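Just so you know, these numbers come straight off a predicted model, no measurement behind them. Hydrogens, waters and symmetry mates are skipped; everything else that's a heavy atom, side chains included, is used.
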Amino acid sequence: MKRIAVLASGSGSNLQAIMDAIERRDITNAEVAVVISDRKNAYALERARQKSIPVKHQSSKNYQSREEYDRDLVTYLTEQQIDLVVLAGFMRLMTPHFVAAYPNRILNIHPSLLPAFPGAHSVRDALAYGVKVAGCTVHFVDEGMDTGPIILQEAVPVYDSDTEESLHERIHELEHRLYPRAIELWVQDKIKIEGRRCFIND
Ligand code: GAR
């Protein structure tokens with residue numbers, strides 16, 4: 001049984017999709033062992049509590065640097081014997097120390113077709129740029145901002161009537177299908193990485 005830590009800063013709808021996929025057995029031989037947030041009031045923590053999953057709030061206010069924050073996080077995750085770290089709307093850049101502690105064992109979901117529109121406002125940026133197709137990307141995390149090898153990626157149309165909210169909602173629906181699928185592939189050891197390219201043996 002693989003032990004997953006989900007890190008989330010916000011509403012946690014992706015966390016919900018992952019927990020539901022585990023219940024439905026779309027993800028097998030894995031459990032969400034802990035949900036961690038840098039924000040005390042993140043609804044993600046509430047979603048975890050409702051499923052009796054342990055939660056941890058780790059505020060950045062108690063740390064002088066990102067390095068110190070991540071060192072404590074790695075210590076905690078090691079104690080918890082975590083196999084896979086899943087970033088689900090966790091709005092912090094991971095330090096080299098963190099990435100080195102979990103090589104090819106940190107996943108992230110990002111609401112754009114990377115490498116287009118990395119960063120914290122990708123849906124707004126894509127709309128402002130005028131793209132006609134948007135989407136989401138599940139990728140391994142490396143030391144860069146949304147730069148790691150891509151595992152899965154899918155597109156959605158952008159409509160003239162779209163606002164940031166309506167487009168993000170369409171992307172969210174896609175994320176809720178794509179992220180559990182990528183996690184199941186990782187858990188079943190079906191992702192082979194060669195350089196930047198990921199190959200799925202399904
Ligand atoms: C998701 O759309 C995710 O792709 C995005 O935050 C949202 C979290 O939603 N992540 C990033 O922008 C990372 N750069 P959720 O809290 O409802 O899962």
Side-chain angles (χ1 to χ4, degrees), residues 1-9 14-15 17-18 21-22 26-30 32-33 36 65-67 69-71 73-75 77-78 80-123 125-126 129 131-158 171-172 174-202:
M1 182 73 88
K2 298 289 184 194
R3 288 172 61 78
I4 299 174
V6 177
L7 277 54
S9 301
N14 278 290
L15 164 67
I18 294 161
I22 289 172
D26 286 346
I27 299 173
T28 50
N29 291 320
V32 178
I36 300 169
S65 66
R66 288 172 47 231
E67 282 70 22
Y69 185 98
D70 277 9
R71 278 189 189 283
L73 202 49
V74 167
T75 302
L77 294 171
T78 308
Q80 293 294 315
Q81 300 184 302
I82 294 303
D83 299 295
L84 176 68
V85 178
V86 169
L87 309 183
F90 192 60
M91 301 312 261
R92 293 176 63 86
L93 187 62
M94 311 319 280
T95 58
H97 172 73
F98 191 96
V99 174
Y102 287 93
N104 299 332
R105 294 198 289 151
I106 312 168
L107 307 185
N108 184 42
I109 189 143
H110 183 77
S112 79
L113 294 172
L114 289 171
F117 310 114
H121 307 290
S122 43
V123 179
D125 294 345
Y129 194 92
V131 297
K132 301 297 184 192
V133 174
C136 72
T137 305
V138 181
H139 64 93
F140 285 107
V141 171
D142 64 10
E143 291 166 14
M145 167 91 84
D146 304 321
T147 52
I150 291 171
I151 302 168
L152 294 176
Q153 195 165 46
E154 260 186 51
V156 293
V158 178
I171 293 171
H172 254 136
L174 192 59
E175 291 185 333
H176 299 162
R177 281 190 288 114
L178 221 58
Y179 217 179
R181 192 159 17 118
I183 292 168
E184 169 69 356
L185 289 171
W186 187 93
V187 170
Q188 302 308 322
D189 201 17
K190 289 185 171 169
I191 307 171
K192 194 171 90 191
I193 312 175
E194 281 179 24
R196 281 208 52 86
R197 297 184 72 189
C198 292
F199 298 94
I200 310 294
N201 306 309
D202 205 10

Visitor: Run through Leu84, Val32, Asn14, Leu107 and flag the one making a side-chain contact (heavy atoms from CB on, under 4.5 Å) with Val6.
Guide: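 Single pass found, and it is Val32.
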Visitor: List the atom of Gly144, the atom of Leu93, and the distance in Å for their closest heavy-atom pair.
Guide: O-CD1, 3.5 Å
Visitor: Which distance, rounded to the nearest 0.5 Å, do you find between the CG of Leu113 and the CD1 of Ile171?
Guide: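 CD1 of Ile171 is found 8.0 Å from CG of Leu113.
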Visitor: If you measure from CD1 on Ile200 to SG on Cys198, what distance do you get to the nearest 0.5 Å?
Guide: 6.5 Å
Visitor: Which heavy atom in Val138 sits nearest to a heavy atom in Ala182, and how many Å separate them?
Guide: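 Smallest heavy-atom distance, with atoms named: CG1-CB, 3.6 Å.
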Visitor: Using side chain to side chain contact (heavy atoms under 4.5 Å, CB included), reason through Glu184 and Asp26 one step at a time and then give a plain yes or no.
Guide: CA-CA 7 Å; Glu184 169 69 356; Asp26 286 346; over 6 Å; no
Visitor: Using only atom types and a distance under 3.5 Å, with no angle test, would you say the side chain of Ser112 pairs donor to acceptor with the backbone of Phe117?
Guide: yes
Visitor: Any chance you could measure Arg196, atom CZ, to Phe140, atom CZ, to the nearest 0.5 Å?
Guide: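 Output value for this atom pair is 12.0 Å.
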Visitor: Using a 6.0 Å cut-off, check whether atom CZ of Phe199 has over 12 heavy atoms from anything other than its own residue.
Guide: yes
Visitor: What closest approach, in Å, do Gln80 and Arg3 show between heavy atoms, and which atom pair accounts for it?
Guide: O-NE, 2.8 Å
Visitor: Where do Phe98 and Val74 come nearest, in terms of heavy atoms and distance?
Guide: CD1-CG2, 3.5 Å
Visitor: Would a distance-only check, ignoring hydrogens and angles, find a side-chain to backbone donor-acceptor pair under 3.5 Å from Thr137 to Gln153?
Guide: no
Visitor: Any sub-3.5 Å donor-acceptor pair from Trp186's side-chain atoms to Asn104's backbone N or O?
Guide: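 Checking the backbone N and O of Asn104 against the side chain of Trp186, a donor-acceptor pair under 3.5 Å is found.
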Visitor: Between Ser122 and Pro118 (side chain of the first, backbone of the second, donor and acceptor by atom type, cut-off under 3.5 Å), is there such a pair?
Guide: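 No; zero donor-acceptor contacts below 3.5 Å.
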Visitor: Where do Asn108 and Met94 land on the side chain to side chain contact (heavy atoms under 4.5 Å, CB included) test, with the steps shown first?
Guide: CA-CA 11 Å; Asn108 184 42; Met94 311 319 280; over 6 Å; no
Visitor: Below 4.5 Å, heavy atoms only, C-beta onward: do Pro149 and Ile151 meet side chain to side chain?
Guide: no
Visitor: Taking atom CZ of Phe90 and atom CG of Leu7, what is their separation to the nearest 0.5 Å?
Guide: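 Here the interatomic distance stands at 4.5 Å.
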Visitor: Compare every heavy atom of Ala88 with every heavy atom of Ala8, then report the nearest pair and how far apart it is.
Guide: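 Reported closest heavy-atom pair: CB-O, 3.3 Å.
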Visitor: Is any side-chain heavy atom of Gln188 closer than 4.5 Å to a side-chain heavy atom of Thr28?
Guide: yes
Visitor: Would you check if Val85 and Arg105 make a side-chain contact, meaning some heavy-atom pair closer than 4.5 Å?
Guide: no
Visitor: So, for Gly135 and Leu174, which heavy atoms are closest and what is the spacing to 0.1 Å?
Guide: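 Result for this residue pair: CA-CD2, 4.3 Å.
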Visitor: Distance check, rounded to the nearest 0.5 Å: His97 atom NE2 versus Tyr102 atom OH?
Guide: 9.5 Å
Visitor: Rounded to the nearest 0.5 Å, what separates atom NZ in Lys2 from atom CD1 in Ile183?
Guide: 14.0 Å
